[in-house]
Enquirer: 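Please see the structure below; I have some questions.
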Amino acid sequence: MAGVHSGVSAAPPAAAPLGLGRTVGLFVRLKLRLIAGNLRGELTYRIGFLFTLLAAAAVAVIGFLAMSLLRLVPAGIAVDLGIVAFALVFLGWAVLPLLAFGLDDTLDPARLSLLPLRTRQLAAGLFVTSAIGPWPFASLVVTSGAIIGLAAGAGGALLGMLAVLLQFALCLVVSRLITTSLSRVLRTRRGRDLLAVAAIFVVVLAQLPNLVINRGLSGDWAGMLADTAAVLRWTPPGMAAHAMADGGPAALAELALLAVLALLLGLLWIEVLRRALVTADASTQAGGVRRSRGGVARLLPDGQLAAVVTKELKYARREPRGRVGWFASVAVTAVLGFSLSGQSDEWAGVEGAAALVVVPAGLGALMIGLQSCNAFGIDGRSLWMNSVVYGSERELRTDLAGRHLAVSLIACPLLAVLSIIAALLAGNLLWSLPATLTAWGVLGLALGVGAVTSVIFPYTTPDRLNAFTGAVPGQGGVAFLGSFAAIIGTSVLVAPIVVPVLFSLPWLSVAAVPYGLVVAWGGRRLAALIGFARFPELLAAVSRSA
Amino acid sequence: MGSPWGKIWQSEVMSEGIPDSVRTRGLFKRFGQQVAVAGVDLVVPRGSFAGLVGPNGAGKTTTLSMITGLLRPDGGITEIDGVNVWRDPVLVKSRIGVLPEGLRLFERLSGRELLSYNGQLRGIPRQEVERRSEELIKVMDLAESADKLVVDYSTGMRKKIGLAAALLHNPVVLFLDEPFEGVDPVSANTLVEVLQRYTASGSTVVFSSHVMDLVERLCDWVSVMNRGQIVAQGPLQEVRGGRSLNQAFLDLVGVRGGGEEEGLTWLGSTPA
């Protein structure tokens, strides 16, 4: 009897090991399903995904056309442009997946470490999943454009195709190598914090063209291009681009080298992956914070105001979302001031030239103030701690005052410094005075308006910043309304002080600060009146899970 | 309206003229179509260590949120020590301590900073806050990690610092939502000791839990919730009625069919 039964119960068919082909197929389906998953669920997600698809399609088409049009450019310059373009695509592959870490589940090997797969099978699967998606497709299309733009003759086109594929493979392997080797750091809280702040560079980069155009750095484009290309020429993407244009035996040698390099990097990646799968998460080994004696808040009378100010100041420093907001405001203001002052020659002697200083300072104040248009968003789910204490409208007013005071403690000196720098760049230090006063006034207005929008349009700020919306799914509309109301409200209130200051009445800026203070006070009163009545609803609105 | 045990007890107390620590009447909440809490009459006598038990989705968290002023009820009355929670929030909020479900704390403060923030927010003088914080940190066995950010705390540490924050202003009634969920035995023991000391002095604890053994061991008063209503309520011995609390609970809530008849035939190591 035992013999009969053993035949039946042994080796269940489902547990047979997968072949390499089936593994790859499995991963392709997984990735496609993950992408398709974006099309389900909340509308904001779907709109965001649709936007991604459209953006990727636009990049693919425009990039492809631009690359193929290189044929019309003189050969030397075309090769140089091709080399730079290939290097940029390569750089994008190296950096951008890091920002998507945690959003794309296939990027983190730890998510897959329990699957009964050999490391090589896993590597093959992960490699293929990297190649699938709107952005990988767009980058492949763009680089393919170079076949039309650069390659010479039929043989050149064939080599070009090979070069494009090798470049693509290199991009995939390098991006995988980077995310896998950093995956341990990226899973820790500190790593994620750093990465969130790194997102700020994208904001600053977006301001670069503005800077270049306004500063007139256009001197010697051809020379700059040639210099850059001469260096990039010997990097792997540079060699791929060069090989396409060359088309001779040198090209073959370059491509062979690239193939070997891709293979070596691939082996290195598999080794790193093998280690990453069995090393522990380091997130619990965090250090402590310095025990402070309260700093500025020590000077305040003991109580709620001091408590809120202390907490807010700590949050501005420690919370990545807070840091990103501050960095972004300062960076954008600085770039704006710098690029505006580039035009100071044209404005010299013109009445109202103080605008060159007042406008960037005022905009800086507006940007800083707008961060407070959803003041409770960053507290989020922790806000219950305040909710179980506040039993009266006055306490909510004190809370808002504490938040405003904390913002002002950082913003006022910062705005003064920005004004002075802008004034120095514009060539008249005296302008920093009306600029500083106006900026402080604008800050007050923005805070006052922000207090009201915070209680009327509260929404949850997601833990991870998302490129498309600053709110969790389902609250995008509220977030939009809140920011929009804050901008409109502040702009309307700002007119009486900024317009006269801009048009040759700079002394009127003296009135800006008291005006700002009054509006901030009024905003807090109104916000406390509305906010206390609907505090449970406010708490629910900022406590949504992302 | 309520359970027979609740009624018996209520008449006893009323005759003595002492109001209950917590009392709700017809507490009601719906989310869209779904009724989460369907007329809860919760009674907790003063000085008791009370357990609120019920299966997942019974409405325990919603009920506790409404009692502590975190969620606005759609109907019904809540009184703490005879004071209406939604009519006189200043008085009530100064008397209660809360540890809500989940581990929602200010993540970017250290444990020590979290306590001092809480104390100052409640208007306790700074020196006193520091003194109490030190003692709580010591009792909760958090001395080593007091200066680490809460975001890096483990579940047990979070529950302990949360409880410390809830106790800091010496509330009269303490509400804890699943305080022992995900907590290791050592931390759980610390929590229990602190809570027992607290109730021994005459203060009231109301906590929700699924862990029947724990409720049976700690509580002298039990309220059983199912599908948004209180199905039994009273002193532990009466609710148990000679059974184990677990059995009493299963009888009250009604056990749904087990998986013995069909399915799962492939599970286990013996061949069919």
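Each chain gets a letter, A, B and so on, in the order its sequence line appears, and its residues count up from 1.
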Enquirer: Is the shortest heavy-atom distance from the side chain of Tyr117(B) to the side chain of Thr310(A) under 4.5 Å?
Expert: no
Enquirer: List in chain and number order the residues that pass ring-ring contact (aromatic ring centres under 6.0 Å, His included) with Tyr198(B), two or more places apart in sequence or in another chain; answer none if no residue qualifies.
Expert: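 Checked Tyr198(B) against ring-ring contact (aromatic ring centres under 6.0 Å, His included); zero matches.
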Enquirer: Indicate yes or no: does Glu113(B) engage Arg318(A) in a salt bridge with an N to O separation below 4.0 Å.
Expert: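 A salt bridge links Glu113(B) with Arg318(A).
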Enquirer: Is any side-chain heavy atom of Ser110(B) closer than 4.5 Å to a side-chain heavy atom of Lys314(A)?
Expert: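 When only atoms from C-beta onward are counted, Lys314(A) and Ser110(B) do not touch, as no gap falls below 4.5 Å.
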Enquirer: Given a strict heavy-atom distance threshold of 4.5 Å, which part of Ala166(B) is in contact with chain A: side chain, backbone, both, or neither?
Expert: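 Neither; nothing under 4.5 Å.
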Enquirer: With Glu393(A), which residues qualify under side chain to side chain contact (heavy atoms under 4.5 Å, CB included), at least two apart?
Expert: Arg397(A), Ala528(A), Leu529(A), Phe532(A)
Enquirer: Scan residues 158-168 of chain B for pairs that pass salt bridge (charged side-chain N to carboxylate O under 4.0 Å, His left out), counting only residues two or more places apart or in two chains.
Expert: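 Output for this query lists Glu107(B)-Arg158(B).
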Enquirer: State, yes or no, whether a side-chain contact exists between Leu114(B) and Met385(A) at a heavy-atom distance under 4.5 Å.
Expert: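 Yes, at least one pair of side-chain atoms sits under 4.5 Å.
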Enquirer: I'd like to know which of Ser145(B), Gly123(B), Pro125(B) tops the heavy-atom pair count under 4.5 Å against chain A.
Expert: Pro125(B)
Enquirer: Distance check, rounded to the nearest 0.5 Å: Phe106(B) atom CZ versus Leu383(A) atom CG?
Expert: 6.0 Å
Enquirer: Would you say Val388(A) and Lys93(B) make side-chain contact, with heavy atoms under 4.5 Å?
Expert: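 Contact flag for Val388(A)/Lys93(B) side chains = no.
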Enquirer: Which residues in residues 64-90 of chain B have a heavy atom less than 4.5 Å from any heavy atom of chain A?
Expert: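 Thr68(B), Gly69(B), Leu70(B), Leu71(B), Arg72(B), Trp86(B), Pro89(B), Val90(B), listed by number.
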Enquirer: Carefully, step by step, assess Leu121(B) and Val308(A) under the rule side-chain contact (heavy atoms from CB on, under 4.5 Å).
Expert: CA-CA 8 Å; Leu121(B) 210 57; Val308(A) 176; 4.0 Å; yes
Enquirer: Given Arg108(B), which of Glu319(A), Arg317(A), Lys311(A) fulfils the side-chain contact (heavy atoms from CB on, under 4.5 Å) condition?
Expert: Glu319(A)
